[in-house]
Amino acid sequence: MYPLRRNRRLRTNEAIRSLVRETIITPNDFLVPLFVVEGKGVKEEIASMPNYYRYSLDLLEKEVKELWKLGLKSVLLFVKVPGNLKDNKGTEALNPNGLMQRAIKTVKNVCPDMLVMTDVALDPYSSYGHDGIIENGIILNDETADILAEMSVSHAKAGANFVAPSDMMDGRILTIREALEDEGFIDTGIMSYSAKYASAFYGPFRDALDSAPVNMKNIPKDKKTYQMDYANRFEAIRETEMDIDEGADIVMVKPGLCYLDIVREIKNEVDVPVAVYQVSGEYAMLKAAAEKGWLDHDAVMMEQITAIKRAGADVIASYFAKDVVKLIS
């Protein structure tokens, strides 16, 4: 009790604060999202995500080499698919020479030890911007899951270490796991977006991939029939436990900062690694506030990342990964 115990003794200077710090950020915490486009010599800044870029395959090589030198050993690939290759069934997703498949091979060729995770969802390939096949205004669940399984096998054949289904179709983890097993990819992992909420924070990401739902008659205007209601807490635990039962190796909560209560709930309940996606809207807000001079960019960035890890994240997918690692090194 006070005055025999004074808590401020352990805050006296940076040396003692560092010694007793409970949460330490390292490069090993991060999964780096990368956006890939067709072309050559392309490095396009995403307007709503300052200082973040889409890369053509040749410049993807350079970026991956830089990440590896920084100690960042895991990437999560997304592709921007040309509009003329999009349709309702995401046919291009199964092209063995598609952009995603070539991106996987590019990363593995230039850096064989880099852990490659791939986005598995139909929205980048969909002419309607949805994560599933649409029929009579309804997102078809089982038919979509079958295609996601074929996508996953295609990514595994190209060299992906993990597939990351982000679609939120029911039962898709089991369908994917069985397909991978049937094709002999017993060591290809699944990182499931288990608790993915229908959030307003995804806008800049959809700009990056041109994958927002289209405004058309008989097309759902949002993704609320498959992504989770952000008012719900216990549902996240149910979704996550079901994914683990179906074969998920890593589970994810998305978005990050507004859902740290969910991260902690899930971390307390499960015995597999928990990932958190600090999403594009979170990134864009800090960039905008820092540009205005309203917030100290680096200080807030580190506080946010630390909070995500402190809440229970074993893996952090973040657009700040390079910035953080450069700062802490």
Query raised in the report: Quick one: are Leu72 and Leu31 in side-chain contact, heavy atoms under 4.5 Å?
Result: no

Query raised in the report: With a 4.5 Å limit on heavy-atom distance, are the side chains of Glu45 and Met49 in contact?
Result: no

Query raised in the report: Quick one: are Leu257 and Gln304 in side-chain contact, heavy atoms under 4.5 Å?
Result: yes

Report summary line: Smallest heavy-atom separation, Pro27 atom then Ile328 atom, equals CD-CD1, 4.2 Å

Report task. Please answer whether the main-chain N or O of Ala299 pairs with a side-chain N or O of Asp296 as donor and acceptor at a distance below 3.5 Å. Result -> yes

Requested in this report: Check whether any side-chain heavy atom of Ile305 sits under 4.5 Å from a side-chain heavy atom of Ser318, and report yes or no.
Outcome: yes

Query raised in the report: When you check the gap from the basic side-chain N to the acidic O, do Lys196 and Asp167 get nearer than 4.0 Å?
Result: no

Query - Partner of Asp29 by salt bridge (charged side-chain N to carboxylate O under 4.0 Å, His left out), out of Lys73, Lys309, Arg310 - result: Lys309

Query raised in the report: Heavy atoms, side chains only, cut-off 4.5 Å: are Ile190 and Pro165 in contact?
Result: yes

Report task. Kindly say whether Lys62 contributes a backbone atom to a donor-acceptor pair with the side chain of Tyr55 at under 3.5 angstrom? Result -> no

Query raised in the report: Who passes side chain to side chain donor-acceptor pair (under 3.5 Å) against Asn51, sequence neighbours left out?
Result: Tyr53

Report summary line: Taken in chain and number order and not counting sequence neighbours, the residues that satisfy side chain to side chain donor-acceptor pair (under 3.5 Å) with Thr118 are His155

**Report entry** Centroid-centroid under 6.0 Å between Phe30 and Phe320 rings
**Finding:** no

Query raised in the report: Cut-off 3.5 Å, side chains only: do Tyr125 and Glu92 have a donor facing an acceptor?
Result: no

Query raised in the report: Which residues satisfy the salt bridge (charged side-chain N to carboxylate O under 4.0 Å, His left out) test with Glu66, sequence neighbours excluded?
Result: Lys322, Lys326

Query raised in the report: Using 4.0 Å as the upper bound for N to carboxylate O, is an ion pair formed by Asp131 and Lys223?
Result: yes

**Report entry** Donor-acceptor contact present, side-chain Ser194 to main-chain Thr240, <3.5 Å
**Finding:** no

Report task. Can you see which heavy atom on Gly137 is nearest to which on Pro220, and at what distance? Result -> O-CG, 3.5 Å

Query raised in the report: Just by distance, do the side chain of Asn88 and the backbone of Ile134 share a donor-acceptor pair under 3.5 Å?
Result: yes

**Report entry** salt bridge (charged side-chain N to carboxylate O under 4.0 Å, His left out) involving Asp119 - partner list, sequence neighbours excluded
**Finding:** none

**Report entry** Over 12 foreign heavy atoms within 6.0 Å of CE, Met242
**Finding:** no

**Report entry** Any donor-acceptor N/O pair, Thr144 side chain to Ile133 backbone, under 3.5 Å
**Finding:** yes

Report all side-chain donor-acceptor pairs from residues 12-24 shorter than 3.5 Å, counting only partners two or more places apart or in another chain.
{"from": "Thr12", "atom 1": "OG1", "to": "Arg8", "atom 2": "O", "distance (Å)": "3.4"}
{"from": "Thr12", "atom 1": "OG1", "to": "Arg9", "atom 2": "O", "distance (Å)": "2.8"}
{"from": "Asn13", "atom 1": "OD1", "to": "Ala15", "atom 2": "N", "distance (Å)": "3.2"}
{"from": "Asn13", "atom 1": "OD1", "to": "Ile16", "atom 2": "N", "distance (Å)": "3.0"}
{"from": "Glu14", "atom 1": "OE1", "to": "Arg17", "atom 2": "NE", "distance (Å)": "3.4"}
{"from": "Glu14", "atom 1": "OE1", "to": "Arg17", "atom 2": "NH2", "distance (Å)": "3.3"}
{"from": "Glu14", "atom 1": "OE2", "to": "Ser18", "atom 2": "OG", "distance (Å)": "2.7"}
{"from": "Glu14", "atom 1": "OE2", "to": "Arg21", "atom 2": "NH2", "distance (Å)": "3.4"}
{"from": "Arg17", "atom 1": "NH1", "to": "Arg11", "atom 2": "O", "distance (Å)": "2.9"}
{"from": "Ser18", "atom 1": "OG", "to": "Glu14", "atom 2": "O", "distance (Å)": "2.9"}

Query raised in the report: Which pairs with one or both residues in residues 144-158 pass salt bridge (charged side-chain N to carboxylate O under 4.0 Å, His left out), sequence neighbours excluded?
Result: none

Report task. Could you note down all residue pairs passing salt bridge (charged side-chain N to carboxylate O under 4.0 Å, His left out) where residues 101-116 supplies at least one of them, sequence neighbours left out? Result -> Glu38-Arg102

Query raised in the report: Side chain of Asp87, backbone of Gly90: donor and acceptor closer than 3.5 Å?
Result: yes

Requested in this report: Using salt bridge (charged side-chain N to carboxylate O under 4.0 Å, His left out) as the criterion, list what pairs up with Glu282, not counting sequence neighbours.
Outcome: none

Query - Ring geometry between Tyr283 and Tyr52 (parallel below 30°, tilted from 30 to 60°, perpendicular above 60°) - result: perpendicular

Report task. Would you check if Trp68 and Met114 make a side-chain contact, meaning some heavy-atom pair closer than 4.5 Å? Result -> yes

Query raised in the report: Does some side-chain heavy atom of Val276 sit less than 4.5 Å from a side-chain heavy atom of Val315?
Result: no

**Report entry** Min side-chain heavy-atom separation Met191-Val163 under 4.5 Å
**Finding:** no

Query raised in the report: Can any side-chain N or O of Gln101 pair as donor or acceptor with the backbone N or O of Ala93 at less than 3.5 Å?
Result: yes

Query - salt_bridge(Glu246, Arg177) N-O dist < 4.0 Å - result: no

Query - Leu122 backbone acceptor or donor facing Ser126 side chain under 3.5 Å - result: no

Report task. Inspect the contact between Asp123 and Arg206 and indicate whether a charged nitrogen and a carboxylate oxygen are less than 4.0 angstrom apart. Result -> no

Report task. May I have all residue pairs that pass ring pair (Phe, Tyr, Trp, His ring centres under 6.0 Å) and include part of residues 250-274, sequence neighbours excluded? Result -> Tyr197-Tyr259

Query raised in the report: Is it the case that Lys80 places NZ or CZ above or below the six-membered ring of Phe205, under 6.0 angstrom from the centre and within 45 degrees of the axis?
Result: no

Requested in this report: In plain terms, say whether Lys287 and Glu291 are close enough for a salt bridge, that is, a side-chain N and a carboxylate O under 4.0 Å apart.
Outcome: no

Requested in this report: Can you see which heavy atom on Ala158 is nearest to which on Ile104, and at what distance?
Outcome: O-CG2, 3.5 Å

Query - Under the side chain to side chain donor-acceptor pair (under 3.5 Å) test, residues paired with Asp314 that sit two or more places apart - result: Lys267

Report summary line: Sequence neighbours excluded, the answer for salt bridge (charged side-chain N to carboxylate O under 4.0 Å, His left out) partners of Glu44 is Arg54

Query - Non-neighbouring partners of Phe185 that pass ring-ring contact (aromatic ring centres under 6.0 Å, His included), sequence neighbours left out - result: none

